[in-house]
Amino acid sequence: MSKSFFVDLSKCTACRGCQVACKQWNKLPATETSNWGSHQNPKDLNFSTYKLVRFQEVTGPGILKWLFFPEQCRHCVDPPCKMVADGFNEGAVIHDEATGAVIYTELTKDIDVASPEELCPYNVPRQNPETKVWSKCTMCLDRVQNGMLPACVQTCPTGTMQFGDREEILEMAKARLAVVKKTRPKAELVNADSVRVIYLCEYPAAEYYSFVTADAGPSLLGRRQMFAKLLRPARVFG
Ligand code: SF4
Ligand code: SF4
């Protein structure tokens, strides 16, 4: 039975336990950072930072909101990144049938795109400038295959992050949305049908970060498929 996450942003306190747990379990090196005027640290995802809690301050007449967005790969149901990657090397990105996890291998070094956005509508993967290998969240597949929760979910102290069988998670997300909507009428579940990391936003998604949502509908997928096909002859004859 495939898996999914539910991330209830109405509960997140930006403690960053999930970000640290991800580093620790995946044995990822620290990223050297400097003060750039925000608690968000590091400033962006990178090839050794798979999870980043983004901070956004929203102000207006009588309004002051601090919004937190623990960002990671969404493990898309039909992953556009795999469609693009297959055009370069069909073994580069693996879609695990049992869980739905989208897994990047060392063969992603063959993916020749100019920016993460050409690979992913959520702007998630990052490339190691030395090895050229692309990386991102693994769903902690090694833990999940052994009956454990992903490290970020295991660590979250507020109940923001949940993980389990997809149907149960979808039911949980819909039930929670109904509760949150009573006080936050604009609350929404983001792209719930097309991703396995389902965010509940209390406020309009774009207020949190520009890539919270994505046009992962048929038009984008159609372009990705076309792009992947176009790339195949280039690889054969290149
Ligand atoms: S969020 Fe991006 S990197 Fe993750 S599966 Fe979807 S397209 Fe691929
Ligand atoms: S561990 Fe939970 S509460 Fe803390 S930043 Fe991550 S999602 Fe938010």
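Both ligands and their constituent atoms are indexed starting at 1 by order of listing. Start at 1 with the first residue, then count along the sequence. Side chains are part of it too, since the values below use all heavy atoms of this structure and drop only hydrogens, waters and symmetry mates.
Summarising the geometry of A101 relative to L141, their closest heavy-atom pair is CB-CD1, 4.1 Å, with the distance given to 0.1 Å. When all heavy atoms are compared, the tightest approach of P204 to K186 is CG-CD, 4.1 Å. The minimum heavy-atom distance linking P70 with L9 is given by the pair CD-CD2, 3.4 Å. For the pair M161 and C156, the tightest heavy-atom approach, listed with the atom from each and the gap, is N-SG, 3.6 Å.
Under the ring-ring contact (aromatic ring centres under 6.0 Å, His included) test applied with F55, the options Y209, F68, F69 reduce to a single match, F68. Each of V153, V7, V53 was checked for a side-chain contact (heavy atoms from CB on, under 4.5 Å) with C18, and the lone residue meeting it is V53.
Atom numbering of ligand 1 starts at 1 in the shown order; those under 4.0 Å from a heavy atom of R74 are 1 (S), 4 (Fe). Near C76, the atoms of ligand 1 lying under 4.0 angstrom from a non-hydrogen atom of the residue are 1 (S), 5 (S), 6 (Fe), 7 (S). Heavy-atom proximity to P80, at under 4.0 Å, picks out these atoms of ligand 1: 7 (S). Within the listing of ligand 1, atoms 5 (S) sit less than 4.0 angstrom from a heavy atom of V102. Against a heavy-atom cut-off of under 4.0 Å, Y122 is close to the following atoms of ligand 1: 1 (S). Remark: ligand 1 atoms within the under-4.0 Å shell around heavy atoms of C81 are 3 (S), 5 (S), 7 (S), 8 (Fe).
Residue contacts with ligand 1 for F211 are absent, since no atom lies close enough (heavy atoms, distance under 4.0 Å). Counting heavy atoms under 4.0 Å from ligand 1, residue K136 touches it through the side chain alone.
Taking 2.8 Å as the threshold, C73 counts as a candidate ligand of atom 4 (Fe) of ligand 1, since one of its N, O or S atoms lies below it.
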Review point. Can N191 and R74 be said to form a side chain to side chain contact (heavy atoms under 4.5 Å, CB included), step by step?
Key: CA-CA 10 Å; N191 300 146; R74 315 300 200 274; over 6 Å; no
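Residue, atom and distance of the protein heavy atom nearest to atom 2 (Fe) of ligand 1 are C120 SG, 2.3 Å.
Within 6.0 Å of the CD atom in E106, the count of heavy atoms belonging to other residues, nucleotides or ligands does not exceed 12.
Side chain of K3 to backbone of G164: no donor-acceptor contact under 3.5 angstrom is found.
Ion pair D44/R54 flagged as a salt bridge, since at least one NZ, NE, NH1 or NH2 atom sits closer than 4.0 Å to an Asp/Glu carboxylate oxygen.
Under 2.8 Å from atom 4 (Fe) of ligand 2, one finds the following protein N/O/S atoms: C15 SG.
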